[in-house]
There are 2 protein chains.
Amino acid sequence: MAVTIYDVAKLAKVGIGTVSRAINNSSHIRPQTKKVVMEAIQELGYTPHAIAQGLARKKTGILAAIMPFYTGHFYHELLRGIMKSLSTFEYDLILYYVDRVEMKNNFLDRTLHERRCDGVLTFSMEISDEYAEKYINAKVPIVVVDRAHDKIDCIQVKNDEGAYSATKHLIEMGHSRIVMITGHNNSAPARDRYQGFARAMRDAGLLIDADSIISADGLDDPTILKQNDGFNERAGEMAMKKLLQRNKAEVTAIFAASDILAIGAMKAIREAGLSVPNDYSIIGFDDIELASYLSLTTMKQPMYEIGRMAVERIMEKLENKESPARQVQLSPAIVVRKTTAKLV
Amino acid sequence: MAVTIYDVAKLAKVGIGTVSRAINNSSHIRPQTKKVVMEAIQELGYTPHAIAQGLARKKTGILAAIMPFYTGHFYHELLRGIMKSLSTFEYDLILYYVDRVEMKNNFLDRTLHERRCDGVLTFSMEISDEYAEKYINAKVPIVVVDRAHDKIDCIQVKNDEGAYSATKHLIEMGHSRIVMITGHNNSAPARDRYQGFARAMRDAGLLIDADSIISADGLDDPTILKQNDGFNERAGEMAMKKLLQRNKAEVTAIFAASDILAIGAMKAIREAGLSVPNDYSIIGFDDIELASYLSLTTMKQPMYEIGRMAVERIMEKLENKESPARQVQLSPAIVVRKTTAKLV
DNA sequence: CTGAAAGCGCTAACAG
DNA sequence: CTGTTAGCGCTTTCAG
């Protein structure tokens, strides 16, 4: 058997309570006593049993991160920010990867009841009012990333504003016939980004109608919708193909609601023998790693920063469970590369 | 306070032992009794306290994954395989992200002593004999991924064989002046891949000398080595620049020991006003996501599969701690895309 | 300041 | 089959 607090106590000739005080640097212990205990700990190579501590302290030192599976691009930076920040707080992270929607509630329930973690972070997942309430009642701190909820803490980018800036950039480049390519209409980012797009168009006095938007919903291939709310490469490709067939309209620019959609669209453009930005200017959203390699102009979401903030926020809530919910919104920044150009 | 096993016992009018039997589907319980208990559990919405279970059972239901930080590319697929497989076994995963080498031993020690997890997976990290021994003595199952050790379980790709195939592909395309660009000479994959490269050259009766390899070690910029053992984009770029300056040699093909190095090299080639595969054929190693977007010919490492196997192997060891260490090696497969061409 | 003792919530003998 | 009890290893009163 491994060495326990009793072994240390025996060797140091003190009670186990004193050992506990020594390792939890309690102030109620004489420096000299502490020294003796520490030496015994050294000698035996003792490390507290995390699970036993957890049970006694009623806290685990663990956070849960529930995130969707499909898109590696986005989440790596987020994770980096989270892990970096977490190490400051001496907390560990359990990863729950959701690859089918049905699993979502399962994980939410587990974090709610199993008490394996002290708090939870969710990513790009709608949280229903029902679950929001459950978390509040159970007093399990939660922060929702990349999605909004007015009753609980959340951090996300200003989707509306970002879409507005993206569209405005296109307009400033001289484009007036602009089409938005987007994912599943039902998803919150799709809706918010559409609002920003439409607002920018209206503000510039430009025409906007049903033909101004091609969403994954309208595409033939039904499997397209399944993956990542329709924000996938194939959806972008199919949407662009659809646009290319509608050759009547003199569209000159595309606002893609995600980089992946933009990449799919560019593929379709290339395959049609056309080129970017000569035939079409295109701007994406996210600034995933691929974007820089493909020189895609896009709206940058500060993923690393968001990850960091999410952790800091949840640590605050862990300190003070009564701290009222706070909705944080960050502004995405435009990154101009080579897929957008002045209309000649 | 949340509902405990005592509440359930009281409501079901049984002892807590019986409740325990019911939830752990023990065979020593009358179906009728079990039914009553289950109903009580339903009614109260009881979920066992994972930490308390862990303490009593002496197992946590958690695996630790210790992985390096810097390269998102490689690890996403690996994680997917792991998580997918893990869900089959009802195990959770704690992620330890190593972003400075000094942290490595810290995490190894923690998994060894803290007993927060039942087993550990390490990735792309050399495990010293000292630690290997510690794991064996402590009887904590470990499987080492993407690195070898003869005393403990490990899974990796045949680096030597992969490099051989890559080089052979170049040779079959008619190239004879081939240079290998690689990371830190000290890293095991760099060494193994060099062996494969050299063997292929020799087998084809081709010249191989000091000029045939440019490693990150020989590069001016010292920061290059820091990141990911010299397997980074900048190192690839600098190495290629160095080669381009050495214009005397009529090198026509490059074997890059990783895709990221290849991408860096291609950048340098492009910036020199040359092109791939016209001026240089280039093949990478890994088949990261970017590779397909950039049409890079490369050696594919079956990451998802490796992740799956790592989990399966560690579950076996969890079942049977005496199971002898096993070294598994998978063959990488060539993926021919557009950066390699016949020499004309 | 420090030792003893009472839990934390559950599992696993041990009787019956 | 089932209730009771003794831990699992640690924290935290509670006396002293």
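Numbers restart at 1 for each chain; the letters A, B, ... are given by sequence-line order, proteins then strands.
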Test item: side-chain donor near acceptor, [X] and [Y], under 3.5 Å:
| X | Y | result |
| --- | --- | --- |
| B:Y96 | A:D92 | yes |
| B:N105 | B:R110 | no |
| A:Y135 | A:T111 | yes |
| A:D146 | A:S124 | yes |
| B:D118 | B:Y91 | yes |

Using modelled atom types only, decide if a donor and an acceptor are shared between the side chain of [X] and the backbone of [Y] within a distance under 3.5 Å.
| X | Y | answer |
| --- | --- | --- |
| B:K104 | B:E126 | yes |
| B:Q327 | B:I152 | yes |
| A:R115 | A:H113 | yes |

By a strict heavy-atom criterion of less than 4.0 Å, which residues belonging to residues 40-49 of chain B are in contact with DNA chain D? none
Separation of atom [atom1] in [X] from atom [atom2] in [N], rounded to whole Å:
| X | N | atom1 | atom2 | value |
| --- | --- | --- | --- | --- |
| A:N24 | D:dT13 | CG | P | 12 Å |
| A:I5 | D:dG7 | CD1 | P | 18 Å |
| A:N25 | D:dT11 | CG | P | 11 Å |
| B:I23 | C:dA12 | CD1 | P | 11 Å |
| B:K10 | C:dG9 | NZ | P | 13 Å |
| B:R115 | D:dC10 | CZ | C1' | 11 Å |

Is the shortest distance from a Lys or Arg side-chain nitrogen in A:E316 or A:R326 to a carboxylate oxygen in the other one below 4.0 Å? yes
Between B:K151 and B:D129, is there a side-chain N and carboxylate O pair less than 4.0 Å apart? no
For the helix from C:dC1-D:dG16 to C:dG16-D:dC1, figure out the bend between the end axes, five pairs an end, and round to 10 degrees. 40°
Between N or O atoms, less than 3.5 Å apart, protein on one side and nucleotides 2-6 of chain C on the other: list the pairs.
residue : atom : partner : partner atom : Å
C:dT2   : OP1  : A:R30   : NE           : 3.3
C:dT2   : OP1  : A:R30   : NH2          : 3.2
C:dT2   : OP1  : A:T33   : OG1          : 2.1
C:dT2   : OP2  : A:R30   : N            : 2.9
C:dT2   : OP2  : A:T33   : OG1          : 3.1
C:dG3   : OP2  : A:G15   : N            : 2.9
C:dG3   : OP2  : A:T18   : OG1          : 2.5
C:dG3   : O6   : A:R21   : NH2          : 2.5

B:S20 side-chain N/O to C:dT11 phosphate OP1/OP2 under 4.0 Å: yes
So, OP1 or OP2 of C:dA12: does either fall under 4.0 Å of a side-chain N or O from B:K58? no
Above 12 or not: heavy atoms from other molecules or residues under 6.0 Å from CD of A:E102? yes
Residue set satisfying side chain to side chain contact (heavy atoms under 4.5 Å, CB included) with B:N320, at least two apart, ordered chain then number -> B:E322, B:S323
Residues 28-38 of chain A side chain polar contacts: donor-acceptor under 3.5 Å, at least two apart:
residue : atom : partner : partner atom : Å
A:K35   : NZ   : A:E39   : OE2          : 3.4

Where along residues 50-57 of chain B does a heavy atom come under 4.0 Å from DNA chain C, residue by residue in number order? B:A52, B:Q53, B:A56, B:R57
